[in-house]
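Here is how names work: the chains are called A, B, and so on, in the same order as the sequence lines, proteins then strands, and each is numbered from 1.
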Amino acid sequence: MVDKYEQVLELAKRRGFLWNSFELYGGTAGFFDYGPLGAMLKRRVENIWRDIFVINEGYYEIEVPTIGIEDIFIASGHVGGFSDPLTECQKCHEAFRADHLVQDMEENPDTLSAEELTAVICKNDVKCPECGGKLGNAYEFNLMFKTSIGPGGKRMGYLRPETAQGMFVDFPRLLKFYRDHLPFGATQIGKAYRNEISPRQGVIRLREFTQAEAEIFIDPRDKTHPKFKDVSDVIMNLYSQEGQASGETKKIALGEAVKNGIIAHEFLAYCLAMTHKFLIRVGVSPEKMRFRQHMKDEMAHYAADCWDAEILSDRFGWVEVVGIADRTDFDLKAHAKQSQKELSVYVAYDSPKKVRKFVVKPDMGVLGPMFKGKAAKVANALKALKAQELSGDEIEVTVDGEKIRIDKNSVKFETITEEIHGENIIPHVIEPSFGIDRITYSLLEHSYFEEEAKEKIEDEEEESGELRIVLRLPSEVAPVQAAVLPLLSRDELIKPGTEIINKLRKVGILVAFDDSGTIGRRYRRNDEIGTPYSITVDYQTLEDATVTIRDRDTMKQVRAPIKDIENNVYDLIYRGKSFEDAGI
RNA sequence: GCACCGAUGGUCUAGUGGCUAUGACUUUAGCCUUCCAAGCUAAUAACUCGGGUUCAAAUCCCGAUCGGUGCACCA
């Protein structure tokens, strides 16, 4: 059976969008090349993402190495957690999740190491669930690609499994860059790597893929969004936790969803709105898009709320293409712990708070010579005492189990009133994370149409039986944006064509020239790769310096002057000018 | 990683132990052609890889790779 995936991939291969990588050497699963048109398409998708997140929201883009050092991934949990304990049957060689097999025997099997799991399997004499054979030792299969840094191979490095860590690691620098103010965000578009056990589903699961991620650092006490009112009326397909219980997707306005507590807060809802806007702008069909909330048990323990944007694919069903999560302070805390640095923001109060504070001031001039190496410990013990305990003539503290008496004159204490102007807080992180490859594939699939071409016979339109393949890509993402076609392959028609090409190129439009074969064939060729506008030079051009512009989707034509053609076409592609308005 | 199925020009495909491996579309060059894959002439281009059986293998056998499906894994 030929399904849409097959049709789209056949076209993508043939016309230079997507190719299996390393085909010359037989290919390798989980890797895809973007051909000339595919790379351009993907670039345009990325640039729309930049337009929304970087230019319009002000979350600047950074770029960090794709190789990360071990500390980063210890902190992120990828070294320990981004792997699964597997055990293989010695007889039928089936692989199983070791922790799943011992679920009934242990409290928290997912916390056990591979060795511990092996022990549990031996102790309980767990057999292969398939054939009853003996199970081998459990081992960790980590999904990160490992490499070594420098000669000697001693320093471990990993290809990053996500781009997010770059923003967390650069947090102190980013905080300074944004002049110590919350909220702020940084983004990154780049490659990530996961050594999938068995990648399937073509471009849906890759071992090397492109992510576009934003990490937005916000004040945990204020998860509102200043621009939320602009999007509160936006209606979206929400597949909430509740909805999933009954299998129901609801169309609901964002404002209402936040009010009803379906979406945790405004900031997250605003990110859903941005995602919605982005996906539609690049060419995903709105009716084939939904936002699915993570179930409680599916969500990471630290996450406050998490929504996936899912796109309906003909073969693969609902595919996750974006994850939008409130990750709270988990990541910053983890890196603070691993790096032993403080990762927090000083936030000033609206007005300073007066705080009464009891302070103990040991006289180190006396205590130092008296206790020598122990002096610091003694001083700390004194500082922990309350006013009452300090009021006697002699003060007693216990240091390392030893009772020590100290004269009251060696310790001063008082209650002071201090003005506090603010505090250090650990920001929460809102993380929208986009899978660019999946999105690029999805919009190809949603743009792909096969239709009977209409034929004009004596002004009556009739089905010609001819198949027309059209990629109805939004003109903004179409790799080739305009084609210049002389009606006939003759010098006098080619000449004005070159002039038009130069004009279009000056304003940054990618334009193709084609004079081989009949005009109809050339229109079809351009339909197939999604070129939105074809400009045809005919004999009338030589008389009045006008050309025809053909619209890919309707196949309609208008006449327009060569003068100013570049702005005319630019407005059609980027400024939403209507096709009728492009004609004279 | 396991099991089953498959792999022939760019794409789709015929084919069988035996001459030079079908055909269509595409592409390229030329002719023709005044707006939607028209026609004519020519050209380019393929048996996934490695090993085995055989006088002879694209065809049969084994292995690998890739692709599809199921299991497992995973977003």
Side-chain angles (χ1 to χ4, degrees), chain A residues 1-3 5-7 9-16 19-31 35 82-89 91-98 100-101 128-131 139 141 143 161-162 192 194-202 204-207 209 211 292 294 298 308 310 315-316 318-323 433 435 437-438 453-456 461 464-470 485-490 492-493 516-528 534-542 547-550 552 554-557 559:
Chain A
M1 189 193 69
V2 178
D3 64 4
Y5 176 80
E6 228 166 300
Q7 294 173 319
L9 226 64
E10 189 271 311
L11 172 70
K13 243 191 242 176
R14 193 160 45 79
R15 299 306 307 268
W19 296 323
N20 283 303
S21 295
F22 323 125
E23 223 173 8
L24 184 64
Y25 292 101
T28 302
F31 297 96
F82 200 56
S83 63
D84 295 306
L86 297 182
T87 176
E88 247 174 69
C89 172
K91 200 166 134 201
C92 69
H93 298 291
E94 190 86 33
F96 302 95
R97 281 285 291 271
H100 288 183
L101 291 179
C128 168
E130 285 294 309
C131 72
Y139 59 93
F141 183 85
L143 262 44
E162 59 176 26
R194 294 180 189 181
N195 202 0
E196 298 285 352
I197 298 171
S198 83
R200 288 274 183 84
Q201 308 176 303
I204 301 296
R205 261 178 77 198
L206 297 171
R207 286 182 164 133
F209 56 101
Q211 281 188 316
R292 189 182 72 83
H294 276 209
E298 177 183 9
D308 287 342
E310 297 184 326
R315 178 183 286 191
F316 307 115
W318 289 101
V319 176
E320 179 206 336
V321 297
V322 185
S433 168
D437 309 272
R438 289 181 173 187
K454 299 276 199 298
E455 209 175 5
K456 261 193 188 158
E461 289 202 343
S464 65
E466 205 89 59
L467 195 67
R468 178 171 96 117
I469 294 176
V470 204
L485 317 168
L487 185 60
L488 297 172
S489 175
R490 290 187 185 153
E492 64 266 31
L493 297 180
S516 104
T518 61
I519 188 72
R521 177 191 296 276
R522 285 175 273 156
Y523 285 147
R524 290 290 190 274
R525 274 204 282 251
N526 278 292
D527 288 342
E528 210 175 47
S534 295
I535 296 162
T536 305
V537 180
D538 56 20
Y539 279 93
Q540 195 183 326
T541 309
L542 303 180
V547 289
T548 65
I549 306 177
R550 169 189 180 269
R552 173 198 66 203
T554 61
M555 304 202 285
K556 284 193 176 135
Q557 289 181 314
R559 270 209 103 76

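Side-chain atoms of A:L488 lie closest to B:U34 of the nucleotides B:C35, B:U34, B:A75. When the nucleotides B:C74, B:A75, B:C35 are ranked by their closest atom to the side chain of A:E196, B:C74 comes out on top. Side chain of A:T536, nearest nucleotide from B:A75, B:A37, B:C35: B:C35.
A:D308 contributes no side-chain N or O that, together with a main-chain N or O of A:E310, makes up a donor-acceptor pair within less than 3.5 Å. Side-chain atoms of A:R522 come within 3.5 Å of backbone N or O of A:L487 as a donor-acceptor pair. Remark: the backbone N or O of A:R524 is not paired with any side-chain donor or acceptor of A:R468 at under 3.5 angstrom.
Here the C1' atom of nucleotide B:C25 and the CD atom of A:E528 are 11 Å apart, to the nearest Å. As a whole-Å value, the separation of A:L493 CG from B:U33 P is 13 Å. B:A38 atom P lies 14 Å from atom OH of A:Y523, rounded to whole Å.
Figure legend: A:R550 and A:Y523 shown as a cation-pi pair, the cationic atom lying under 6.0 angstrom from the six-membered ring centre and within 45 degrees of its axis.
Contact between the side-chain N/O atoms of A:S516 and the OP1/OP2 oxygens of B:U28 is found at a separation under 4.0 Å. OP1 or OP2 of B:U27 lies within a sub-4.0 Å distance of a side-chain N or O belonging to A:R521. The shortest distance between the side-chain N/O atoms of A:T518 and the OP1/OP2 oxygens of B:U33 is not below 4.0 Å.
Between A:R207 and A:E196 there is no salt bridge, since no side-chain nitrogen of the basic residue lies less than 4.0 Å from a carboxylate oxygen of the acidic one. A salt bridge links A:E10 with A:R14: the distance from a Lys NZ or Arg NE/NH1/NH2 to an Asp or Glu carboxylate oxygen falls below 4.0 Å.
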What protein N or O atoms touch nucleotides 8-12 of chain B N or O atoms at under 3.5 angstrom, if any, and at what distances?
| unit_1 | atom_1 | unit_2 | atom_2 | d |
| --- | --- | --- | --- | --- |
| B:U11 | O2' | A:E10 | OE2 | 3.0 |

Are any protein N/O atoms closer than 3.5 Å to N/O atoms in nucleotides 62-69 of chain B? If there are, list each pair with its distance.
| unit_1 | atom_1 | unit_2 | atom_2 | d |
| --- | --- | --- | --- | --- |
| B:U65 | O2' | A:G26 | O | 3.3 |
| B:C66 | OP1 | A:A29 | N | 3.4 |
| B:C66 | O4' | A:G26 | O | 3.3 |
| B:U69 | O4 | A:R200 | NH2 | 2.6 |

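At a threshold of 4.0 angstrom between heavy atoms, the contacts of A:Q540 with the nucleic acid are absent. At a threshold of 4.0 angstrom between heavy atoms, the contacts of A:E298 include nucleobase atoms, whether or not backbone atoms are also involved.
Residues A:R525 and A:S516 bring a donor and an acceptor atom of their side chains to less than 3.5 Å of each other.
For A:F316, the ring pair (Phe, Tyr, Trp, His ring centres under 6.0 Å) test picks out A:Y5, with sequence neighbours left out.
Summary of the strand contacts: A:R205 and A:V537 both lie near RNA chain B, and taking for each the nucleotide with the nearest heavy atom, the more 5' one is attributed to A:V537.
Looking at A:R550, its side chain comes within 3.5 Å of the base of B:C36 through a donor and an acceptor atom.
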